[in-house]
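All values reported here derive from a predicted model rather than from experimental measurement.
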Amino acid sequence: MADRMDECSSSQTLQSNRPSISHAFHVNLPSPHHFNADDGIPYATRYAEWKSTQIVNIVQTMTLNSEMFVAGAAGTTLDDADADVGPDDEEINIDGDTNENKLTLLTLSGKCRQLQGLMHGLDGLKWLGLTRLELSDIVLHLLKLLTATITLSSDRTDVTIHYESVGYKRFIKDMVTASNSDSKGKYDQQQQLLAPSLESLENELHNQTFALPAYIRESLLSSLIDLLSNKGPLRSVSNNALFPTNINACQNDSNDPRFLLIVHWKCMLRLLLRTSPQLNEHLPAELPNSSASYVTLIVKRTVELIRHVRHFFDQSISLQKDGDKMKTIVSDTTALQVWEMTKPSLMKETHTMSCYRALTIIYLFTPTRCSSQFYNTMIPIYLDCWSTIDRFPDLDFLYLNLICRARKHASPGPWKTALCKQLLTQCQYWLTLPSGGSKGGMDSSSAHLFPAAGKPRNRHAVSRLKVFLGSIGSGYENGIAFLSKICKLLVFCSGLNDGNHDNEDISESTKDILQFLAFVTPYFHPSNVGSWTYALGAFLNYFSYELCGYVGLKGCLPMLKMSHPELYASLLESEPMLQNSNSSSIISSKGLVAILNALLPLSQQALYSKNQGVSQAGESSLLSLAQISPQYITPILLD
């Protein structure tokens with residue numbers, strides 16, 4: 001960011017360097033195929049560079065000082081901060097000079113709005129104009145402002161600003177370790193780390209409050225979410241980054257050195273607990289200073305921010321030299337600390353809100369990329385804890401998300417069979433399929449002999465705690481996301497489960513899935529309409545879609561190996577699920593044909609459903625199946 005300031009130190013210099021525009025069309029609609037005749041640079045590139053320079057300079061001028069809080073406590077109100085400050089380019093002073101160089105909460109609020117406007121101007125462009133280093137510095141600076149706290153004296157004249165240590169950048173030269181380092185010993189040491197308890201973290205929150213008011217924090221949250229939701233530019237600096245196995249490729253890139261953006265998870269946890277103290281039901285609630293809807297909005301955006309920042313939590317990723325190769329080691333620092341903090345509540349305090357709170361924290365703060373050793377240990381624990389509580393959709397959704405993340409990095413094993421059986425057992429409840437008899441289906445003579453049993457009651461979390469699930473929208477959208485997770489895991493479980501079977505055999509999990517599809521076949525009949533109709537149609541659509549994606553992924557890996565062998569090796573090291581050589585991770589040809597034979601009649605019956613949504617789901621399902629085997633599916637449709 002300092003280099004960018006040296007290159008363009010003022011708006012006048014930047015304006016003089018802008019290319020001469022011959023027509024207004026090129027100004028209003030910058031497009032990559034419009035080139036400047038003088039230097040041959042696309043107008044869109046110059047436009048992105050101009051906007052990105054303003055973004056960098058505005059972020060650097062967003063600072064805090066004690067005077068703004070004393071003045072704010074005396075006279076700045078929410079109405080003053082809601083003054084109309086637009087994001088127009090003419091109103092932006094990229095030199096950072098305000099009226100008499102005095103930065104107040106009002107001007108800081110205006111800068112936040114200007115920053116949002118500039119970032120929205122770069123949304124439709126392929127090149128943002130910001131380097132990975134600049135994006136990382138912007139994220140760290142905005143997080144520093146967002147998590148800042150203050151301590152006021154009794155007369156509100158003395159203000160102390162406290163900044164959190166939000167994170168740093170770790171360069172590749174600091175990640176390389178010797179070949180004789182004991183990764184197993186590091187793993188055992190990480191397990192012995194004393195993670196902080198929730199009570200100790202909550203005790204730190206009472207003496208300090210947020211430095212910025214709610215309306216400014218809401219603007220900062222929106223800006224950070226806009227930056228982090230576009231995962232492409234920052235993927236290479238997250239803990240999901242892939243490093244080449246060639247040792248020379250890791251060390252010779254001196255012009256643009258690789259680095260990882262590290263964000264401390266404890267800082268984000270304190271942010272969440274300060275924003276929403278009701279996460280702990282044992283603490284008394286404080287009087288709200290904003291409307292309930294506005295508080296809920298800030299909590300939702302805080303949760304969304306944590307879900308994006310989770311990819312940058314420190315997992316102590318290191319590069320270990322192994323001869324002329326480089327091996328990536330994941331030590332699971334954050335994952336183990338989060339687990340040690342939440343383990344007692346999750347495993348011992350079942351059927352309480354403490355258990356739900358612990359699982360919520362695991363869901364929000366456990367990074368996706370963990371070692372296979374960690375996931376092979378945790379998945380059986382997840383399954384055991386999950387089986388203790390039934391008919392709890394909110395809890396089921398959290399466990400489904402955790403296992404969906406784990407399937408990429410865990411080594412295949414016997415737990416796949418247990419997972420498949422548990423999923424199929426609960427599908428009857430999730431898909432609202434009827435079970436047992438009812439008085440309406442019996443004649444009058446036998447109705448009194450077989451009385452109808454009442455439906456078991458569902459369990460639900462407290463309504464104000466459901467926001468921590470990271471809801472994506474309405475109940476309909478949440479239900480669709482729920483079904484997609486189920487189908488993703490069922491397709492994953494359909495591979496062979498051990499090495500004792502021949503590659504042409506049908507695995508035990510595939511047989512269970514085929515038996516389940518045979519069980520639901522009568523409910524797909526067009527005349528059999530009920531509460532289960534739409535759920536089954538959506539299940540059929542997403543199961544066919546996930547199966548198509550799984551087959552396509554397995555088919556493209558040999559091509560990736562031929563064209564990019566280094567990337568292929570790094571990808572297999574990161575995600576053992578993709579290893580074709582492992583017989584426990586693939587679907588046999590017989591199993592695939594059997595699944596297609598079971599899905600095709602269901603898709604054909606869904607076309608004639610009385611529910612329009614189910615009919616459209618049948619069309620989408622047939623499209624996915626035709627992409628898997630066009631020579632088998634297409635002739636049947638033509639007949």
Side-chain angles (χ1 to χ4, degrees), residues 1-63 84-98 107-143 145-146 216 219-237 256 261 308:
M1 294 174 69
D3 296 339
R4 180 62 65 89
M5 288 288 290
D6 294 338
E7 294 175 2
C8 300
S9 59
S10 66
S11 59
Q12 291 79 7
T13 305
L14 185 61
Q15 291 284 350
S16 62
N17 291 335
R18 292 186 63 189
S20 58
I21 305 301
S22 58
H23 196 277
F25 176 79
H26 300 295
V27 179
N28 298 328
L29 298 174
S31 179
H33 62 271
H34 294 139
F35 293 90
N36 187 0
D38 297 334
D39 52 17
I41 299 177
Y43 288 110
T45 303
R46 286 294 185 90
Y47 178 81
E49 183 179 2
W50 177 45
K51 287 284 187 179
S52 61
T53 303
Q54 292 180 332
I55 289 175
V56 171
N57 292 337
I58 282 184
V59 170
Q60 286 188 336
T61 59
M62 296 170 63
T63 57
D84 187 12
V85 182
D88 298 334
D89 297 336
E90 292 78 13
E91 298 180 7
I92 299 174
N93 187 345
I94 64 173
D95 293 333
D97 296 331
T98 57
T107 56
L108 183 60
S109 175
K111 287 180 179 293
C112 292
R113 298 184 184 184
Q114 292 169 358
L115 178 62
Q116 285 183 292
L118 289 170
M119 291 172 57
H120 287 310
L122 297 177
D123 286 344
L125 300 179
K126 186 175 295 186
W127 182 63
L128 297 179
L130 294 168
T131 64
R132 292 175 299 181
L133 192 60
E134 290 172 339
L135 284 171
S136 302
D137 289 337
I138 290 174
V139 169
L140 291 177
H141 187 76
L142 294 183
L143 286 176
L145 296 177
L146 181 65
I216 296 183
S219 298
L220 290 175
L221 286 169
S222 300
S223 300
L224 282 168
I225 291 172
D226 289 340
L227 279 175
L228 297 174
S229 60
N230 185 7
K231 295 181 173 55
L234 289 176
R235 183 182 297 275
S236 61
V237 299
D256 186 17
L261 174 61
H308 292 305

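Between the CG atom of Leu220 and the CG atom of Leu143 there is a distance of 9.5 Å, given to the nearest 0.5 Å. In this structure, the separation between CD on Glu134 and OG1 on Thr53 is 8.0 Å, given to the nearest 0.5 Å. Atoms NE2 and OG, on His141 and Ser136 in that order, are 14.5 Å from each other to the nearest 0.5 Å. For the atom pair NZ (Lys51) and CG (Leu130), the distance works out to 12.5 Å, reported to the nearest 0.5 Å. Note that CD1 of Ile138 is 9.0 Å distant from CD of Gln60, once rounded to the nearest 0.5 Å.
Here Ser223 pairs with Leu115, Gln116, Met119, Leu142 under the side chain to side chain contact (heavy atoms under 4.5 Å, CB included) rule; sequence neighbours left out.
Residue Leu234 comes nearest to Arg132 through the heavy atom pair CD2-O, 4.3 Å, listed as atom of the first residue, atom of the second, then distance. Taking all atoms of both residues into account, the shortest heavy-atom contact from Leu122 to Ala48 is CD2-CA, 3.8 Å. Leu145 and Met62 get closest at one heavy-atom pair: CD1-O, 3.5 Å.
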For this session: Let me see the working for Leu140 and Leu261 under side chain to side chain contact (heavy atoms under 4.5 Å, CB included), right down to the final yes or no.
Result: CA-CA 9 Å; Leu140 291 177; Leu261 174 61; 3.8 Å; yes
Could you give the side-chain donor-acceptor pairs of residues 224-231 under 3.5 Å, partners two or more places apart or in another chain?
from	atom 1	to	atom 2	distance (Å)
Ser229	OG	Ile225	O	2.8
Ser229	OG	Asp226	O	3.3

